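Heavy-atom basis, side chains included; hydrogens, waters and symmetry copies ignored. In what follows, chains are A, B, ... by sequence order, proteins preceding strands, each numbered from 1. Values in this document were obtained by computation on a predicted structure and should not be read as measured data.
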Amino acid sequence: MRNFSALIDGLVFMPARNGKIRLLADFFATTPDPDRGWALAALTESLVFHEAKPAAIRQLVATRVDPELFALSYDYVGDLAETVALIWPERPERANSLPPSMTEVVETLRAARRGQVMGLVEGWLDTLDSSGRFALLKLITGSLRVGVSARLAKTALAEWGKVDLGDLEECWHGLTPPYADLFAWLEGKSDRPAAGKGAGFRPLMLSHPLEEEDMAGLDPADYVAEWKWDGIRVQLAARGGERRVYSRTGDDVSGAFPDIADHMTFDAVLDGELLVARDEGEIAPFNDLQQRLNRKTVTAAMLKEFPAWVRLYDILFDGEEDLRGLPFTERRARLERWHDAVRPRRMDLSPLVPFEGWETLKGLREGSRENSIEGLMLKRKDSVYVAGRPKGPWFKWKRGALTLDTVLMYAQRGHGKRSSYYSDFTFGVWRGEELVPVGKAYFGFTDAELVELDRWVRNRTTRRYGPVREVEPGLVLEVAFDSVHPSNRHKSGLAMRFPRVHRIRWDKPAAEADRLETLQAMVVG
DNA sequence: AGGTCGACGTC
DNA sequence: CTCGGAC
DNA sequence: GTCCGAGGACGTCGACCT
């Protein structure tokens with residue numbers, strides 16, 4: 001664990017991107033297999049230990065530390081792994097035993113049976129120093145949040161191994177920890193691992209939000225437009241007899257969507273939006289699709305009530321031919337030709353939206369208030385298909401957000417770097433003489449505004465419920481959101497999609513905030 | 001057997 | 001998915 | 001321009017409690 005904990009320590013205190021890359025490269029160069037492979041898996045969130053969840057760790061620490069002391073410390077520190085690492089009572093007589101290696105930890109945990117895990121963790125915590133404990137806890141609980149995403153870890157690998165990042169992304173999804181074949185390639189000892197042979201996942205091309213300022217510099221003649229469908233992004237990979245439906249992150253969701261997979265009797269890799277559609281193309285709201293997501297088993301009733309559909313918008317492979325290097329318009333022509341020839345069931349093409357200039361497109365975008373459409377996509381005609389989110393080739397242009405003046409009702413402490421602030425706000429609107437909660441938000445304001453909000457909350461607290469403070473109804477928050485729909489989550493019976501604080505109305509009296517009826521009128525469908 | 005609650009993956 | 005902040 | 005971390009609503013699943 002020593003190298004790994006030194007790496008984690010270094011990363012936590014290294015804000016500079018290039019500095020992080022250097023730390024990672026040094027680590028990969030000086031740490032042997034398979035330790036470095038397991039570390040890479042941890043950094044890219046490819047390692048999951050099912051028994052070592054935050055709740056279990058809290059339980060464990062309660063056996064060794066006074067719960068009151070722990071609660072206060074956690075509240076102050078704001079990060080579970082950090083708190084436990086600092087507060088864990090060391091036992092000098094056991095500290096002499098050798099701390100485990102990275103591989104020992106991973107392999108032991110993988111082989112451990114239910115119920116053994118926390119005992120093992122306790123033993124290791126006793127042999128490690130505080131940075132070792134921190135690294136161990138980060139490792140086993142998953143999301144490290146130490147300033148390195150999967151993408152940055154791969155960038156560092158590519159730079160260190162002097163290979164192209166795109167090449168690495170291409171074969172990444174065919175690899176498994178501890179990545180011996182990957183490191184062999186990066187050290188020049190072998191060829192690049194095969195790119196997920198057959199129906200392997202290919203990393204997706206993503207879009208940027210379009211800002212009004214961007215548009216001035218764009219020529220409408222360079223772009224085509226499509227509707228932005230409100231479903232989930234999928235990649236259909238059917239090659240060499242294998243058929244897979246992948247989600248945006250490369251998870252295989254074929255099992256949940258046999259009604260799509262069964263019709264993939266072709267040889268191609270396609271990109272599109274998964275939707276629920278009844279009667280050949282009548283798109284249901286996103287909520288209906290959610291019933292089909294994350295399912296292990298699908299009943300016949302589900303298939304009938306929420307039939308899946310894929311609206312296709314790109315083609316990556318036609319048979320063995322890789323089309324990703326072609327400009328968008330050529331891929332689109334190939335997609336249309338392919339679709340004409342194959343005529344797959346439960347799939348259609350996302351139509352191009354004809355337009356003259358930005359003004360006509362703007363009109364179309366605002367005019368589309370259908371549930372299944374979130375706005376428009378703009379794709380540059382000459383754009384090749386690349387992994388990641390380059391700026392310029394693809395834009396998403398969502399419909400304008402809705403806004404509402406709400407009243408701050410409750411506030412809660414944040415986590416991590418926000419652990420010392422009340423940063424988590426529940427807000428409501430008037431129903432008659434009373435306020436009813438309609439949602440929560442904690443971004444949209446600047447750090448400076450957060451300081452002021454925090455002060456406001458502390459000065460206007462009327463009651464405390466554990467970590468939650470109730471405040472007097474005196475601050476109006478203008479909240480922005482994409483849509484609103486019926487829900488049991490809040491007392492009001494309504495919930496917002498993507499709520500965020502748009503403006504803090506220090507000037508506006510709470511009595512003039514909006515009423516529930518106003519929000520109800522915004523519900524579509 | 002049925003309800004609750006936390007974790008996870010989608011947006 | 002959103003946003004602000006930091007590089 | 002690009003990445004990162006803060007965390008929203010929702011649904012499923014699985015562990016655990018009654």
Practice item. Map S487(A) and G414(A) onto DNA chain D by nearest heavy atom, then report which one ends up closer to the 5' terminus. Key: G414(A)
Revision key, fill the gap. Per nearest nucleotide of DNA chain D, the residue lying toward the 5' end, P390(A) or P486(A), is P390(A)
Remember a base hit wins even if backbone is also touched, and classify [X] as base, sugar-phosphate or nothing at under 4.0 Å, heavy atoms.
X	result
A495(A)	sugar-phosphate
R292(A)	nothing
G231(A)	sugar-phosphate

**Study point:** Whole-angstrom distance between dC8(B) and dC1(C), as gauged at atom C1'
**Key:** 15 Å
Point to revise | Distance, P atom - from dG5(C) to dT4(B), rounded to whole angstrom | key: 40 Å
Distance below 4.0 Å between [X] side-chain N/O and [N] OP1 or OP2:
X	N	answer
Q290(A)	dT12(D)	no
R295(A)	dT12(D)	yes
R418(A)	dA6(D)	no
R500(A)	dC1(C)	no
K398(A)	dC1(C)	no
H490(A)	dA9(D)	yes
R489(A)	dC10(D)	yes

To the nearest Å, how far apart are [X] [atom1] and [N] [atom2]?
X	N	atom1	atom2	answer
M496(A)	dC11(B)	CE	C1'	17 Å
D454(A)	dA6(D)	CG	P	17 Å
I504(A)	dG4(C)	CD1	P	11 Å
D288(A)	dC11(B)	CG	P	17 Å
Y246(A)	dG9(B)	OH	P	17 Å
R497(A)	dC11(B)	CZ	C1'	5 Å
K440(A)	dC10(D)	NZ	P	12 Å
Q412(A)	dA6(D)	CD	C1'	14 Å

Practice item. Kindly write out the residues that satisfy side chain to side chain contact (heavy atoms under 4.5 Å, CB included) with T249(A), not counting sequence neighbours, or none if the list is empty. Key: S247(A), D251(A)
**Study point:** Heavy-atom check, side chain of I504(A) versus side chain of L477(A), under 4.5 Å
**Key:** yes
Practice item. Quick one: which residue pairs count as a salt bridge (Lys or Arg N to Asp or Glu O under 4.0 Å) with a foot in residues 442-453 of chain A, not counting sequence neighbours? Key: none
Review point. Taking the side chain of K296(A) as heavy atoms from C-beta outward, which of dG14(D), dG9(B), dC10(D) is closest to it?
Key: dG14(D)
Check your understanding: Out of dT2(C), dC11(B), dC10(D), which nucleotide sits closest to the side chain of N287(A)?
Key -> dC10(D)
Point to revise | Option among R365(A), K396(A), R399(A), K228(A) that satisfies the side chain to side chain donor-acceptor pair (under 3.5 Å) test with E374(A) | key: K228(A)
**Study point:** Check ion pair D405(A)-K508(A) (N to O, under 4.0 angstrom)
**Key:** yes
Check your understanding: Quick one: is the NZ or CZ of R497(A) closer than 6.0 Å to the six-membered ring centre of F286(A), and within 45° of its axis?
Key -> yes
Practice item. Look at the side chain of R469(A) and the backbone N and O of R413(A), then say whether any donor-acceptor pair between them is shorter than 3.5 Å. Key: no
Practice item. Just jot down the salt bridge (Lys or Arg N to Asp or Glu O under 4.0 Å) partners of R389(A), sequence neighbours excluded, or say none. Key: none
Revision key, fill the gap. Residues at least two apart in sequence or cross-chain that pass salt bridge (Lys or Arg N to Asp or Glu O under 4.0 Å) with R311(A), listed by chain then number, are D348(A)
If you restrict it to nitrogen or oxygen atoms, what contacts under 3.5 Å exist between nucleotides 5-7 of chain C and the protein, and what is each distance?
{"residue": "dG5(C)", "atom": "OP1", "partner": "D447(A)", "partner atom": "N", "Å": "2.9"}

Practice item. Please report the closest heavy-atom contact between P499(A) and K440(A), naming both atoms and the distance. Key: CG-O, 3.3 Å
Study note, to complete from the structure: So, with a heavy-atom separation below 4.0 Å from DNA chain B, the residues of residues 421-431 of chain A are none
Check your understanding: Using 30° and 60° as the class limits, which term best fits the ring planes of F201(A) and H173(A): parallel, tilted or perpendicular?
Key -> perpendicular
